Amino acid sequence: MTESLFFFFASLTLLCALMVVISKNPVYSVIFLILTFFTISAHYILLNAQFLAAVNIIVYAGAIMVLFLFVLMFINTGKNVEGTMKRNVLAKIAGTVAGGLLFTVVVAALKDVTLGHPDPATFNSQVGMVENLGKVLFTKYMLPFQLVAVLFLVSMVGAVMIGKREAGEQNF
Amino acid sequence: MDSVVLIYKGIYILAIFGISLLIATYSTYFERKIAAFIQDRVGPNRAGPMGLLQPLADAGKLFFKEEFIPANANKTLFILGPGIAMLVAAMTSAVIPFGDTLILGETSFDLIAIDVNIGILYIFAVVSLGVYGLMIGGWASNNKFSLLGAIRAASQNISYELAMGLSLIAVLMLSGSLSLKVIAEQQAGFNWNIWYQPLGFLIFLICAFAETNRTPFDLPESEAELIGGYHTEYSSMKLGMYLFAEYINIFVVSAVMATLYFGAYNFPFMENLRNAFDDPVLGNNVVTILGVGVMFAKIFAFIFFFMWVRWTLPRFRYDQLMKLGWNILIPLAILNILLTGGGILLYDYFTQG
């Protein structure tokens with residue numbers, strides 16, 4: 001059951017991710033990206049990490065992709081994206097070379113990877129639950145957690161600084 | 001999971017789905033009746049006794065109207081928009097506990113569709129997806145006013161989701177659990193969260209109004225500035241779907257508020273009533289059934305409150321709306337978290353030290 005579900009969601013994820021790249025209309029790309037996040041959340045649920053699944057939806061599908069959609073709708077690239085994009089041979093060659101190099105790197109990295117095999121006797125299936133996640137974050141990974149919080153604060157202050165109106169500037 | 005529980009869950013989910021649709025349908029009727037009462041009119045009274053068949057007449061009218069899709073609209077997304085709005089609205093009620101457990105014979109039945117340990121996060125995730133229905137519909141119409149309405153709706157929803165999430169954190173600090181079932185059980189009797197979280201409830205209430213696009217925050221559809229908002233180009237049942245999704249959202253958000261702050265299915269002296277019966281099973285069942293009634297009474301009270309506000313208060317201006325959300329509600333919500341944390345620490349200090 002779980003295995004067939006995994007293969008179903010995995011193929012769906014790959015399909016949606018491919019459609020993000022293939023779609024001509026950027027708005028379709030964003031919608032397929034949202035679907036990709038949903039299928040990834042399904043994987044999290046299969047791994048018994050419900051908290052991660054919900055947070056993935058809230059943060060990525062609920063907030064970040066809305067902003068993506070926002071920008072795309074404002075600049076309205078839907079209709080004349082074909083005309084503006086330069087389709088010369090050089091760009092095609094560069095794209096192929098870059099993609100091939102990336103593919104090589106991924107293959108090389110995956111060749112030597114060793115999959116972790118958790119011991120079924122000692123494996124705790126509740127490790128992805130909110131309580132356990134919180135305990136680990138606030139004990140074992142306390143310093144990285146706090147540093148990430150500081151990083152967020154810095155980026156937030158930066159965003160406010162950029163968005164701030166200069167003295168004497170009239171925006172509307 | 002044995003087949004009895006599985007069949008029961010199926011029936012229960014269908015029943016909750018039907019009930020939310022029914023309540024949303026009759027919300028339209030009561031909205032017009034309450035509006036008429038507040039404005040000293042009669043309201044709908046032609047279809048059926050006291051106009052009770054008015055929602056059916058409205059739905060029939062919407063179905064027979066012309067199905068219009070603008071020539072330059074993106075057809076797929078234009079049809080997808082109201083569908084997403086409706087789907088997302090109907091998904092939310094799955095994790096709300098409408099009652100305690102019913103004991104029939106050997107098995108006990110939980111009156112909750114799915115009891116996940118991330119209940120409140122599930123609601124939050126689904127609510128945050130509601131924006132897509134509006135945005136996709138507004139953009140696919142290929143109309144500037146629709147797009148402006150959609151942008152307004154999206155920025156309003158995102159802004160108020162932040163304050164809503166922050167006000168929820170204070171409740172979660174008190175309960176120590178994300179499961180709505182546990183949160184409901186902790187408020188047994190008259191031990192409701194509203195006594196501990198008055199400020200948090202106020203913030204949540206304001207955000208709930210903004211999230212459901214109700215007056216005084218119904219800027220996405222302010223007809224004086226935007227003709228009609230994100231659904232300007234919609235007609236027939238597609239428009240009906242958008243309006244209907246709004247009423248389902250009101251029902252769901254009322255249920256969430258009742259669960260989080262007003263004790264869900266708990267009512268005062270329920271333990272005394274339970275103990276008054278000699279048979280514990282009978283006592284439990286009587287209290288549970290009364291609890292379901294109490295839950296729905298609370299939900300209806302909130303729905304009435306939504307309508308009362310709609311016909312009493314004028315609409316905000318857009319910059320006022322943003323100022324309220326970012327400059328007032330979010331700092332207040334953070335202050336509420338600090339106060340709650342301090343309160344919990346003080347309580348522990350005095351009870352344990």
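Note on naming: letters A, B, ... go to the chains in the order of the sequence lines (proteins, then strands), and numbering restarts at 1 for each one. Source: prediction; values computed, not measured.
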Would you find more than 12 non-hydrogen atoms of other residues, nucleotides or ligands less than 6.0 Å from A/Tyr28 atom OH?
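Counting neighbours around OH of A/Tyr28, more than 12 heavy atoms of other residues, nucleotides or ligands fall under 6.0 Å, so yes.
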
Heavy-atom count around A/Phe9 CZ within 6.0 Å, excluding the residue itself: above 12?
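Atom CZ in A/Phe9 is crowded, with more than 12 foreign heavy atoms closer than 6.0 Å.
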
Note, [X] side chain near [Y] side chain (heavy atom, < 4.5 Å):
X	Y	answer
B/Leu77	A/Ile31	yes
B/Trp139	A/Leu69	no
A/Ile58	B/Tyr122	no
A/Met65	B/Tyr132	yes
A/Leu67	B/Ile158	yes
B/Phe124	A/Val55	no
B/Ile136	A/Val27	no

Can you tell me how far CG of B/Leu121 sits from CZ of A/Phe51, rounded to the nearest 0.5 angstrom?
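These two atoms lie 6.0 Å from each other.
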
Drop me the distance from A/Phe37's CZ to B/Leu129's CG, to the nearest 0.5 angstrom.
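The CG atom of B/Leu129 is 12.0 Å from CZ of A/Phe37, to the nearest 0.5 Å.
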
Do you know the tightest heavy-atom contact between [X] and [Y]?
X	Y	result
A/Met73	B/Met135	CE-O, 3.4 Å
A/Gly62	B/Ser128	CA-OG, 3.6 Å
B/Ala125	A/Ala54	CB-O, 4.2 Å

Which region of B/Ser155, side chain (C-beta onward) or backbone (N, CA, C, O), has a non-hydrogen atom less than 4.5 Å from a non-hydrogen atom of chain A, or is it both or neither?
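Backbone plus side chain of B/Ser155, per the 4.5 Å heavy-atom cut-off to chain A.
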
